[in-house]
Number of protein chains: 2
Amino acid sequence: MHATLRDAPTPLTRSVEDYLKVIYHLSSQGGFASTSDIAAMLEVAPPSVSGMVKRLSETGLIEHVPYRGVQLTNQGRRAALRMIRRHRILEVYLTQQLGYDWDNVHEEAERLEHAVSDELIERMAGALGDPHYDPHGAPIPTPGGEIEEAELITLADAPVDGVLELRQVNDDDPARLRYLADQGLTPGTRLTVLERQPFNGPTTVRIGAATRVVGRELALALWCRGVQA
Amino acid sequence: MHATLRDAPTPLTRSVEDYLKVIYHLSSQGGFASTSDIAAMLEVAPPSVSGMVKRLSETGLIEHVPYRGVQLTNQGRRAALRMIRRHRILEVYLTQQLGYDWDNVHEEAERLEHAVSDELIERMAGALGDPHYDPHGAPIPTPGGEIEEAELITLADAPVDGVLELRQVNDDDPARLRYLADQGLTPGTRLTVLERQPFNGPTTVRIGAATRVVGRELALALWCRGVQA
DNA sequence: GGCGCTGATTAGCCTAGCCTAATTATGAGA
DNA sequence: TCTCATAATTAGGCTAGGCTAATCAGCGCC
């Protein structure tokens with residue numbers, strides 16, 4: 001039998017699920033998630049993290065190297081990916097079936113992800129035709145725990161003259177999401193980098209027939225894939 | 001401005017919401033809900049109820065008469081009806097939009113009702129055309145906190161020769177719900193009471209062209225309204 | 001009117017998660 | 001190598017919401 005995201009040996013608390021998700025995101029690039037970064041992301045005090053880290057490593061969900069940070073075990077990673085699948089399926093469902101906008105699904109999904117059953121998530125996924133990406137372009141883990149790892153670069157790092165496809169946008173600021181939707185900057189959009197001002201200045205891109213100047217901060221929130229012209 | 005079920009002055013905990021729902025159901029007929037009945041319904045020990053009762057009356061959600069029981073205040077009743085609306089809208093949504101059966105929606109709704117926002121509930125209600133009854137025939141409170149109080153009698157109490165419409169079925173036993181669905185005994189069904197055996201014996205009814213014998217226990221779970229023949 | 005059963009309450013304890021204040025480890029730079 | 005800022009941890013406390021054991025109130029029955 002193959003392990004799937006459905007395994008739920010001991011039901012996890014809401015709080016534990018949140019810690020695992022945050023640790024997943026923080027350790028996805030480098031190796032370790034630090035106590036203070038976890039605390040900042042969850043908006044709790046660092047000693048609260050130390051306490052939870054102790055409990056999580058006792059249950060085998062994370063590995064803790066004192067004064068270095070933590071990493072997910074395989075078990076912890078599966079639990080985290082299960083939450084991420086739930087969150088992203090919920091976001092797609094709320095936007096496609098219930099008229100939510102892509103800038104206000106996050107909060108709702110954040111609460112629901114702890115309450116839904118695996119069955120409900122799979123029914124939603126089925127009703128949506130098993131989507132592969134959430135509304136912001138983030139890949140949705142499969143029920144088996146696989147997740148696409150695309151090599152994306154931000155628009156701020158894209159080479160001049162490159163032809164790009166916008167694949168994913170950061171969803172951490174609703175106002176930015178509204179602005180992006182307004183500008184038609186949604187996943188799938190093709191754009192050509194025309195020039196970039198020196199000293200981390202704005203990037204000028206062509207989108208279809210139009211030309212836009214994108215400031216560095218915004219450009220850092222736009223993840224793209226290179227495209228054969 | 002009119003008070004609505006959307007008021008949420010202080011967000012309530014999951015546990016508090018459960019207590020209020022149970023107290024609502026227990027005190028809907030008689031006046032007071034007893035400590036031990038609440039404890040039985042929530043599957044907690046009686047002292048846990050005493051403790052929570054103290055907190056709930058301090059926050060003004062219930063009124064406590066020591067050694068007698070508790071009653072909801074208006075504020076508590078509104079909070080309870082809000083949860084009941086959520087629960088019943090969720091049940092309709094899960095059955096109508098996501099293929100759940102009427103015997104397995106309860107558990108899912110029980111968890112989701114604490115996590116959904118008012119906005120999501122109203123979006124679901126809108127997508128369903130603002131239903132008035134849940135899948136088991138129970139009336140859905142309005143967003144304003146009104147709930148239909150129909151005078152229903154159980155099939156076990158229905159007079160012989162009466163013509164009835166089945167309006168609502170108890171949803172506390174999934175196996176019974178499956179049986180009822182199998183027998184076509186769903187809300188809206190017309191039936192005629194043909195006879196009843198003495199000493200609380202079974203009731204014989206005609207449903208369309210068919211005749212069925214319904215045992216007392218089952219008959220007590222079927223709530224009906226008299227109909228002009 | 002008093003006995004005793006039942007049900008409610010109080011006393012005291014536990015766990016999960018949070019907090020602040022105090023302490024300790026790490027590692028960069030003099 | 002030593003110092004010191006920063007980050008992490010420990011110490012100790014708080015609340016919500018459970019629990020068991022012990023006590024107390026209400027009331028039916030003799």
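Note on naming: letters A, B, ... go to the chains in the order of the sequence lines (proteins, then strands), and numbering restarts at 1 for each one.
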Does any N or O in the side chain of [X] come within less than 3.5 Å of the main-chain N or O of [Y], such that one atom is a donor and the other an acceptor?
X: B/Asn104; Y: B/Asp101; value: yes
X: B/Arg68; Y: B/Phe32; value: no
X: B/Arg85; Y: B/Gly145; value: no

Could you go through nucleotides 15-18 of chain C and list every protein N or O atom that sits under 3.5 Å from one of its N or O atoms, giving the distance for each pair?
residue	atom	partner	partner atom	Å
C/dG17	OP1	A/Thr13	OG1	2.4
C/dG17	OP2	A/Arg55	NE	3.4
C/dC18	OP2	A/Ser15	OG	3.3
C/dC18	OP2	A/Tyr19	OH	3.2

Query raised in the report: Rounded to the nearest Å, what distance is computed from the NE2 atom of residue B/His114 to the P atom of nucleotide D/dA16?
Result: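 That distance rounds to 18 Å.
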Query raised in the report: Once you round to the nearest 0.5 Å, how far does CZ of A/Arg123 lie from CD of A/Glu119?
Result: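 It comes to 4.5 Å.
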Report task. List for me each residue that meets side chain to side chain donor-acceptor pair (under 3.5 Å) alongside B/Trp102, sequence neighbours excluded, and say none if there are none. Result ->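 Here no residue qualifies.
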Using atom names, set out every protein N or O paired with an N or O of nucleotides 1-4 of chain C below 3.5 Å, distance rounded to 0.1 Å.
none

Query raised in the report: Hey, which of B/Leu90, B/Asp18, B/Val105 is the one that makes side-chain contact (heavy atoms from CB on, under 4.5 Å) with B/Glu110?
Result: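 In the set B/Leu90, B/Asp18, B/Val105, the residue that makes a side-chain contact (heavy atoms from CB on, under 4.5 Å) with B/Glu110 is B/Asp18.
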Query - Where at least one partner belongs to residues 169-180 of chain B, residue pairs that pass side chain to side chain donor-acceptor pair (under 3.5 Å), sequence neighbours excluded - result: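 Counting only pairs at least two positions apart or across chains, the side chain to side chain donor-acceptor pair (under 3.5 Å) contacts touching residues 169-180 of chain B are B/Asp103-B/Arg178, B/Asn170-B/Trp223, B/Asp172-B/Arg176.
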Requested in this report: Sequence neighbours left out, what passes side-chain contact (heavy atoms from CB on, under 4.5 Å) with B/Glu63? Give chain and number order.
Outcome: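 Once residues adjacent in sequence are excluded, the partners of B/Glu63 under the side-chain contact (heavy atoms from CB on, under 4.5 Å) criterion are B/Thr73.
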**Report entry** Among B/Glu91, B/Gln168, B/Arg167, side-chain hydrogen bond (donor to acceptor under 3.5 Å, both in side chains) partner for B/His136
**Finding:**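 Only match with B/His136 under side-chain hydrogen bond (donor to acceptor under 3.5 Å, both in side chains): B/Glu91.
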**Report entry** A/Glu58, CD atom: more than 12 neighbouring heavy atoms under 6.0 Å
**Finding:**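 Above 12, so yes.
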Query raised in the report: What string of B, S and - do you get for nucleotides 3-12 of chain D, 5' to 3', when a contact is any protein heavy atom under 4.0 Å?
Result: -----SBB--
